[in-house]
> 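Dumping the structure here so I can ask a few things about it.
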Amino acid sequence: MKNPPAELCKFRKAIEDEFKVHPETKQDYITLAHKINEKLKTLGGRGEYNKAESISEETIYKVWEYRKNNEAIVSPKTLGILARSIDYLSWGDFIEKYKLKSNEIPESFTPELIETVSAFFNPELIDVPHIKKDEEVHIGWSPYKYAILRCIGEYEFAIIEEKNMYNKKGFTFLTIGFHLSPEKKEFSFPDIIFEPFYDDLEDEHWTLSDLTTIPKKYYL
């Protein structure tokens, strides 16, 4: 992960300041992970099994780029757990409050911004079959282009918040997964495609092997 965006640098600094650990050695990262997990235990259980969230030492290495040649993508779920350890609701919540403080939300997106921020979201990592009813999913690149989805049934979602998306708040849809559109747009983040059930495609002619053939109605 080369030249992380300002948001991530600020995020790491906020975590370091909160737990009074500014890691330089491997032991420092282990100590930071331990302190984060101790805080997460105090927040109580979350999710279907009502268990406290936790973070691994390996994840801390990844987020702080401790390993050389680190190209791994940090998932929104991981960033959300870390955000809650410093009393934000989610990664998106941190981003929005950070941007309000720094007044850095641009009116247009530069290629450099798109390239760096895009690395922090991969729709293929969203495990749709395991998302439970009423669970919320953050998708995209908050606060630039994103949607917050709520699961309203098995494989069914509703947009409850969005910015710069093709569909708007209140839109509902069925999907088995998400993909990025290969279509390049100048000064804009990619579109996000939701993959429909194949039973619904009797009269349609397109294939996932060529995402450029997918109709716009499947753009999130």
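Note that the numbering runs from 1 along the sequence shown for the chain.
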> Say you draw a straight line from NZ of K216 to CD1 of I193; how long is it, rounded to the nearest 0.5 Å?
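That separation rounds to 8.5 Å.
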
> With heavy-atom distances below 4.5 Å as the criterion, would you say the side chains of I159 and L220 are in contact?
yes

> Which residue pairs pass the salt bridge (Lys or Arg N to Asp or Glu O under 4.0 Å) test with at least one member in residues 170-181, sequence neighbours excluded?
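Salt bridge (Lys or Arg N to Asp or Glu O under 4.0 Å) check on residues 170-181 returns no pairs.
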
> Taking the side chain as every heavy atom from C-beta outward, state whether K39 and I86 have any atom pair closer than 4.5 Å.
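Sidechains of I86 and K39: no contact.
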
> Is it true that T25 and D28 share a donor-acceptor pair across their side chains at a distance under 3.5 Å?
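Checked: D28/T25 side chains pair up, N/O donor to acceptor below 3.5 Å.
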
> Between Y66 and K26, is there a side-chain heavy-atom distance shorter than 4.5 Å?
yes

> Given side chain to side chain contact (heavy atoms under 4.5 Å, CB included), test R12 with V63 step by step and report yes or no.
CA-CA 8 Å; R12 295 191 302 211; V63 176; 4.3 Å; yes

> Using a 3.5 Å cut-off and no angle test, enumerate the donor-acceptor pairs between side-chain atoms of residues 15-22 and protein atoms at least two apart in sequence or in another chain.
{"residue": "E16", "atom": "OE2", "partner": "W64", "partner atom": "NE1", "Å": "2.7"}
{"residue": "D17", "atom": "OD1", "partner": "K13", "partner atom": "NZ", "Å": "3.3"}
{"residue": "D17", "atom": "OD1", "partner": "H22", "partner atom": "NE2", "Å": "2.9"}
{"residue": "D17", "atom": "OD2", "partner": "K13", "partner atom": "NZ", "Å": "2.8"}

> Over all heavy atoms of both residues, which pair between S181 and P190 is shortest? Give the atoms and the distance, please.
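Answer, listing the atom of S181 first, then P190: O-CB, 4.1 Å.
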
> For I192 and M165, work out which heavy atoms get closest and say how close.
CD1-CE, 3.9 Å

> Are I160 and F173 in one and the same hydrophobic cluster, where Ile, Leu, Val, Met, Phe, Trp and Tyr link if side-chain heavy atoms are under 4.5 Å apart?
no

> Take atom NZ of K51 as the centre, draw a 6.0 Å sphere, and report whether it contains more than 12 heavy atoms from other residues, nucleotides or ligands.
no

> Please tell me if the side chains of V128 and I176 come closer than 4.5 Å, counting only heavy atoms from C-beta onward.
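No - every pair of side-chain heavy atoms lies 4.5 Å or more apart.
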
> Is there a side-chain contact between I36 and I60, using heavy atoms and a 4.5 Å cut-off?
yes

> Indicate the atoms forming the closest heavy-atom contact of L174 with F194, along with that distance.
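Answer, listing the atom of L174 first, then F194: O-CD1, 3.8 Å.
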
> Could you check if a side-chain atom of Y61 sits within less than 4.5 angstrom of a side-chain atom of E58, using non-hydrogen atoms only?
yes

> Evaluate whether atom NZ of K77 has more than 12 neighbouring non-hydrogen atoms of other residues, nucleotides or ligands under 6.0 angstrom away.
no

> For C151 and G153, work out which heavy atoms get closest and say how close.
SG-O, 3.1 Å

> Which of parallel (below 30°), tilted (30 to 60°) and perpendicular (above 60°) describes F178 and F157?
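F178 vs F157 ring planes: perpendicular.
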
> Let me confirm one number: the NZ-CG distance from K217 to N167, rounded to the nearest 0.5 Å.
12.0 Å

> Considering non-hydrogen atoms only, spot the tightest contact between A33 and E57 and give its length.
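Of all heavy-atom pairs spanning A33 and E57, the closest is CB-CG, 3.9 Å.
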
> Same cluster or not: I148 versus I131, using hydrophobic residues (I, L, V, M, F, W, Y) connected whenever any side-chain heavy atoms lie under 4.5 Å apart?
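Per the 4.5 Å side-chain linkage, I148 and I131 are not co-clustered.
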
> Under 3.5 Å, is there a donor-acceptor pair between the side chain of R84 and the main chain of L89?
yes

> Side chain to side chain donor-acceptor pair (under 3.5 Å) with Y146: which of K163, H138, E161?
E161

> Do P196 and Y218 have side chains that get closer than 4.5 Å, going by heavy atoms?
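They are in side-chain contact.
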
> Using a 4.5 Å cut-off on heavy atoms from C-beta on, say whether the side chain of I95 contacts that of W141.
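No, too far: nothing below the 4.5 Å cut-off.
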
> State yes or no: do L82 and Y88 share one hydrophobic cluster built from I, L, V, M, F, W and Y residues joined by side-chain heavy-atom distances below 4.5 Å, directly or via other members?
yes

> Between T175 (side chain only) and E195 (backbone N and O only), is there a donor and an acceptor less than 3.5 Å apart?
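Pair found, side chain donor or acceptor close to backbone of E195.
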
> Is it the case that atom CD in E38 sees more than 12 heavy atoms from other parts of the structure closer than 6.0 Å?
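Atom CD in E38 is packed in, count exceeds 12.
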
> For the residue pair Y144 and F189, categorise the inter-ring angle as parallel (less than 30°), tilted (30 to 60°) or perpendicular (more than 60°).
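Rings of Y144 and F189: parallel, as their planes differ by under 30°.
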
> Treat each ILVMFWY residue as a node, draw an edge where side-chain heavy atoms are under 4.5 Å apart, and state whether I152 and I126 are in one component.
no

> Can you pull the salt bridge (Lys or Arg N to Asp or Glu O under 4.0 Å) pairs that have at least one residue in residues 123-138, sequence neighbours excluded?
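Matches after skipping sequence neighbours: E48-K132, E136-R150.
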
> Group every Ile, Leu, Val, Met, Phe, Trp and Tyr by side-chain heavy-atom contacts under 4.5 Å, then state whether L79 and L40 land in the same group.
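Same hydrophobic cluster.
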
> For the atom pair CD (E24) and OH (Y29), what is the distance rounded to the nearest 0.5 Å?
8.5 Å

